[in-house]
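Note: hydrogens, waters and symmetry copies are ignored here, and every other heavy atom, side chains too, is used.
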Amino acid sequence: MEDLSISLHCWQGDDVGGFEVKPEGLSGGGIMATGNYPGRARTADELRADLEKVFSLLPGNHRVNIHACYLESDGKYVDRDEVTVEHFSKWIDWAKKNNLSLDFNPTFFSHPKAESGLTLSNSDEKIRDFWIKHGVASLKIAEAIGKAQGNPCIINFWMPDGAKDSPVDRWTPRKYMKESLDTIFETQYDERYCKPAVESKLFGIGSEDYVVGSSEFYLSYALTRQKLLCLDMGHYHPTETIHGKISAVLGFLDEILLHVSRPIRWDSDHVVIFNDDVKDVFHELVRGDAMNRVNIALDFFDASINRIGAWVTGSRATLKAAMYAMLEPTDMLKKMASDGDGAGKLALLEELKSMPFGAIWDKYCLNNNVPVSSSWLNQMYNYETEILSKR
């Protein structure tokens, strides 16, 4: 557990708003945080303070995942194709001060040039070129972040491109998407400090019928271009889980990115809880000795509840699932299975469910000097009274 690091997503704290000057709102991209609970971070300093509070309630040493739209430009308008690492210098300095590492994401949504729902796959060459430049700029930023922190910055490419209803031509957008990504990755970058990933999706708001970057598209792209594949727990059919995909994908790729989320009915990115879906994912990783081949990040945004509480609940649930899987006597279970002892395997799996996992989790929290059990709620309430309620 001491070696496990998860990447917390900054957008839970401000409802995916970002800090660009003259933001155009949440148009053109299928991103939406629902709810209006008070206390949203309004500035990068407030967001970083909120993250510090969250980290004080989590055992272990973790990372922060930021989007390009969380730049700081001293009040000046900077378009997406002009972002540089200087716009993230405060994030880098803050991470160093707090012994954290950063991951990065280009922002292909919430912009006038994403209004049509198509970015890198747009039929307009000028719009494609704009988003290609943004991808290249983001790649350079991620590399610079990685060099500054001395370890790889995972940069995840997710584009909302798709159609709401019955596209006649599904071929051309995918051709453009492939060509655009190839152009972006022609940029020279040091793989020791920058690891690109591509993320698929089943559908989104405004792309209910067709998503250019489908599971098959990005699986093929990752395999042929040797990029990380991002498996997001909420980006498949509502009845489809991802734990069975991990061994299939890691049979051909060295490494993947995992987005831990919780869909309800659709890709709604609810706060992660300690449920069977999350436990199954970590069981699969532990049983396959693949924990060192996965980069774990969170991806949810709930604006209807206290945002600190959402962060901490989802983060601790993810860590609990990892510990729960690590405590399993995997070698014993594998031997039972190989010996044909199906009854013994099934019985032991059932007995494990009621073994005293909670006591071990509490000890881990004590060892890391963070609140045990639900006592962290008192700190959440105090922070809300002293900080969030005054925003």
Side-chain angles (χ1 to χ4, degrees), residues 1-15 33 35-42 45-66 94-95 97-101 233 259-262 269-279 281-282 296-327 355-391:
M1 287 298 294
E2 294 295 346
D3 295 332
L4 178 61
S5 180
I6 60 176
S7 192
L8 273 67
H9 53 316
C10 71
W11 48 95
Q12 168 56 47
D14 81 318
D15 308 342
N36 194 30
Y37 195 88
R40 178 182 71 84
R42 302 161 299 180
D45 286 335
E46 287 183 349
L47 185 59
R48 287 189 284 262
D50 291 352
L51 281 163
E52 288 178 26
K53 186 61 183 178
V54 171
F55 283 122
S56 75
L57 304 175
L58 300 180
N61 185 42
H62 304 292
R63 306 171 69 92
V64 175
N65 206 341
I66 59 175
W94 170 79
K97 178 183 176 182
N98 289 275
N99 193 31
L100 301 168
S101 292
M233 294 181 67
H259 274 187
V260 183
S261 187
R262 178 169 61 104
D269 288 314
H270 284 64
V271 177
V272 174
I273 59 174
F274 185 51
N275 62 9
D276 286 345
D277 286 348
V278 179
K279 285 188 281 188
V281 164
F282 283 96
I296 302 165
L298 303 181
D299 188 6
F300 55 82
F301 35 95
D302 192 336
S304 68
I305 61 176
N306 181 297
R307 294 169 183 81
I308 304 296
W311 253 323
V312 178
T313 298
S315 302
R316 285 171 74 112
T318 302
L319 294 169
K320 285 178 183 177
M323 174 178 278
Y324 190 78
M326 291 177 188
L327 288 169
M355 286 188 178
F357 160 74
I360 302 169
W361 168 257
D362 288 348
K363 183 63 166 66
Y364 178 55
C365 290
L366 280 172
N367 289 350
N368 281 268
N369 298 310
V370 299
V372 171
S373 188
S374 61
S375 61
W376 66 268
L377 285 169
N378 295 326
Q379 294 199 36
M380 181 192 78
Y381 293 136
N382 290 338
Y383 191 79
E384 181 168 27
T385 299
E386 297 169 6
I387 305 294
L388 301 182
S389 64
K390 297 176 183 178
R391 289 181 179 170

Gap separating the CG atom of Asp15 from the CG atom of Asp302, nearest 0.5 angstrom: 9.0 Å

Side-chain (Asn368) to main-chain (Gly60) donor-acceptor, under 3.5 angstrom: yes

Sidechain-backbone polar pair: Glu384 side chain, Ser389 backbone, donor-acceptor under 3.5 Å: no

From CA spacing to verdict: salt bridge (Lys or Arg N to Asp or Glu O under 4.0 Å), Lys279, Asp276: CA-CA 5 Å; Lys279 285 188 281 188; Asp276 286 345; 3.6 Å; yes

Side-chain (His9) to main-chain (Phe300) donor-acceptor, under 3.5 angstrom: yes

Min side-chain heavy-atom separation Met380-Asn306 under 4.5 Å: yes

CD1-CG distance between Ile308 and Leu57, expressed to the nearest 0.5 angstrom: 8.5 Å

Over all atoms of both residues, closest heavy-atom pair of Ile273 and Ala317: C-CB, 3.6 Å

Val370 to Ser56 - nearest heavy-atom pair and separation: CG1-O, 3.6 Å

Close side-chain approach of Thr313 and Trp376, heavy atoms under 4.5 Å: yes

Arg316 CZ to Phe274 CZ distance, which is reported to the nearest 0.5 Å: 12.5 Å

Option from Leu319, Val372, Ile360 for which side-chain contact (heavy atoms from CB on, under 4.5 Å) with Cys365 holds: Val372

Enclosure of Asn36 CG (heavy-atom neighbours >12, cutoff 6.0 Å): no

Val271 and Ile305, any side-chain heavy atoms less than 4.5 Å apart: yes

Contact check, side chains of Arg40 and Arg307, non-hydrogen atoms, under 4.5 Å: yes

Residue pair Asp50 / Leu388, side-chain heavy-atom distance below 4.5 Å: yes

The single option from Lys53, Arg391, Lys390 passing salt bridge (Lys or Arg N to Asp or Glu O under 4.0 Å) against Glu46: Arg391

Inter-residue atom distance Lys363.NZ - Met323.CE, 0.5 Å rounding: 10.0 Å

N-O pairing of Asp45 and Arg48 below 4.0 Å: yes

Which atom of Asp14 lies closest to which atom of Ala41, heavy atoms considered: CB-O, 3.4 Å

Check: Asn367 and Pro59 side chains under 4.5 Å, non-hydrogen atoms: no

Check: Val278 and Val272 side chains under 4.5 Å, non-hydrogen atoms: yes

Modelled atom types, side-chain donor and acceptor of Trp11 and Asp299, under 3.5 Å: yes

Heavy-atom side-chain contact between Trp311 and Leu51 under 4.5 Å: yes

Closest approach of Ser7 to Val64 (non-hydrogen atoms, all atoms of both residues): OG-C, 3.7 Å

Separation between CG of Leu327 and CE of Met1, rounded to the nearest 0.5 Å: 9.0 Å

Separation between CE of Met233 and OG of Ser261, rounded to the nearest 0.5 Å: 8.0 Å

